[in-house]
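Below is one structure; the comments refer to it alone.
Every value quoted in this text rests on a predicted model; they were computed, and no experiment measured them.
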Amino acid sequence: MEERSTGPMLVCKTWMNVCQDPSFNLVFDLDAKYLALPTSNSWLWGPQFEDNIDSLLRSVVDRSEGALTEIRVWHCTDRSISYVAERCPNLEELDISCSYEISCLCIEMVAKNCKNLEILKRNMMDPCEVERLEYTRFVPQNYLDNNPIDIYRNVDAHTIVKHMRHLNLKHLELRFSTLTDKAFDRLCKACSSLEYLDLFGCKNLTSDGVSNSTSRLKNLKKLKKPNFTAI
């Protein structure tokens, strides 16, 4: 995405038109960019950076004329994801990891409007990393008041169960979520078509809870389990 903006679009008007063609904007993927950067970078957690990401995503939605099928972006907010939900009915993959400014109402909008969604990645940060960032003051204080890791607890799972049970979700990632065995069991009942499930770092899940709940997932091909430190 960055190379497209700084290279071909500047060659001539014809190339710029090609880069802005809807068929050339079906995928918005910043994963590689994020993975190449240390999470401790302060600007990754600033409101200005979130505003920039929201603005960039909204512009790609406009360029695609609502035809976006894959979105992989971190540190975005309701402002851009609600925009996606309203305008991209063909969305198949959504990665909103490390995005603490996305509400359950926004996820509900995605569930209601994006009927083709098969991949959802709602990963949180490692709590140890959050604690380290707190000590070094890289993260703005509003992210650290009432640890965001704990705020979400079972909320995301309840939202998925209630509003995404009608979808054909095949791939779900909830790394470092604080959901409990009871909530996870309901999630497995609602999302019975799951083929890939990532629960790494989910500290409140137990071995028995995961085994019992995933036994009903007949199509499950790959499971990344927590470290089972919960009692």
Side-chain angles (χ1 to χ4, degrees), residues 1-39 41-125 156 159-160 163-164 166-173 175 196 198:
M1 187 64 61
E2 184 179 13
E3 291 176 353
R4 189 184 308 171
S5 299
T6 58
M9 289 186 71
L10 303 180
V11 173
C12 63
K13 186 175 182 179
T14 300
W15 283 32
M16 181 181 71
N17 290 338
V18 170
C19 290
Q20 293 180 335
D21 187 275
S23 61
F24 204 59
N25 289 276
L26 301 181
V27 176
F28 181 68
D29 186 359
L30 295 182
D31 259 5
K33 184 74 173 177
Y34 288 126
L35 293 174
L37 297 169
T39 56
N41 279 357
S42 58
W43 51 270
L44 281 174
W45 291 93
Q48 184 176 357
F49 180 75
E50 288 181 338
D51 289 343
N52 291 338
I53 293 297
D54 282 340
S55 177
L56 180 58
L57 178 51
R58 287 166 65 101
S59 69
V60 174
V61 170
D62 290 339
R63 277 189 222 161
S64 75
E65 297 182 0
L68 265 174
T69 59
E70 300 175 25
I71 295 175
R72 291 181 281 276
V73 60
W74 302 357
H75 302 288
C76 54
T77 75
D78 277 3
R79 292 187 295 275
S80 58
I81 299 304
S82 60
Y83 197 74
V84 167
E86 292 171 351
R87 292 165 174 79
C88 300
N90 298 320
L91 191 66
E92 298 174 2
E93 177 177 348
L94 179 62
D95 183 352
I96 46 176
S97 299
C98 296
S99 299
Y100 292 102
E101 298 295 316
I102 293 179
S103 67
C104 292
L105 287 176
C106 189
I107 296 178
E108 180 182 341
M109 285 181 61
V110 172
K112 289 182 176 179
N113 298 332
C114 305
K115 306 296 186 181
N116 297 328
L117 191 68
E118 294 185 353
I119 301 175
L120 176 63
K121 300 178 182 180
R122 184 73 167 123
N123 300 312
M124 298 300 176
M125 280 187 66
D156 275 341
T159 303
I160 293 170
H163 301 290
M164 294 190 172
H166 64 284
L167 301 180
N168 188 32
L169 274 184
K170 295 181 178 179
H171 182 121
L172 180 61
E173 296 184 18
R175 294 170 71 92
Y196 182 101
D198 189 345

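Note that the CD atom of E65 and the CG atom of L26 stand 11.0 Å from one another [nearest 0.5 Å]. Atom-to-atom distance recorded for K115:NZ and M164:CE is 10.5 Å, nearest 0.5 angstrom. A distance of 12.0 Å separates CE of M109 from OH of Y83, quoted to the nearest 0.5 Å. Atom CD of residue E86 and atom CG of residue N113 lie 7.5 Å apart, to the nearest 0.5 angstrom. Taken to the nearest 0.5 Å, the CD1 atom of I119 stands 9.5 Å off from the CG atom of L169. The structure places CG of L167 at 9.5 Å from CD of E118, a figure rounded to the nearest 0.5 Å.
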Distance-only check: which donor-acceptor pairs under 3.5 Å involve side-chain atoms of residues 87-94, not counting sequence neighbours?
unit_1, atom_1, unit_2, atom_2, d
E93, OE1, R72, NH1, 2.8
E93, OE2, R72, NH1, 2.9

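The closest side-chain heavy-atom distance from K112 to H163 is below 4.5 Å. Between V110 and L117, some side-chain heavy-atom pair lies under the 4.5 Å cut-off. Residues R63 and F24 form no side-chain contact, since every pair of their non-hydrogen atoms from C-beta on lies 4.5 Å or further apart. Residues L30 and H75 have side chains not in contact (no heavy-atom distance under 4.5 Å, counting atoms from C-beta outward).
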Item checked: Verdict with reasoning, V27 to L68, per side chain to side chain contact (heavy atoms under 4.5 Å, CB included) -> CA-CA 6 Å; V27 176; L68 265 174; 5.5 Å; no

Item checked: Verdict with reasoning, D51 to R79, per salt bridge (Lys or Arg N to Asp or Glu O under 4.0 Å) -> CA-CA 9 Å; D51 289 343; R79 292 187 295 275; 2.6 Å; yes

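In this structure, T77 and E50 approach most closely via the heavy-atom pair CG2-OE1, 3.7 Å. Scanning all heavy atoms of the two residues, the minimum distance from S99 to W74 falls at OG-C, 3.7 Å. Here the closest heavy-atom approach between residue R122 and residue I107 is recorded as NE-CD1, 3.5 Å. Considering every non-hydrogen atom in both C106 and S82, the closest pair reads SG-N, 3.5 Å.
Partner of I96 under the side chain to side chain contact (heavy atoms under 4.5 Å, CB included) criterion, out of I102, V84, N123: I102 alone. Between F28 and the choices T69, D95, V73, the side chain to side chain contact (heavy atoms under 4.5 Å, CB included) rule is met once, by V73.
Side-chain N/O atoms of N25 and S64 include no donor and acceptor closer than 3.5 Å.
Partners of H171 according to the ring pair (Phe, Tyr, Trp, His ring centres under 6.0 Å) rule, which considers only residues two or more places apart in sequence or in another chain, are Y196. When the salt bridge (Lys or Arg N to Asp or Glu O under 4.0 Å) test is applied to D78, no partner is found at least two apart in sequence or on another chain.
We find that K121 and D198 are not joined by a salt bridge, their nearest charged nitrogen and carboxylate oxygen being 4.0 Å or further apart.
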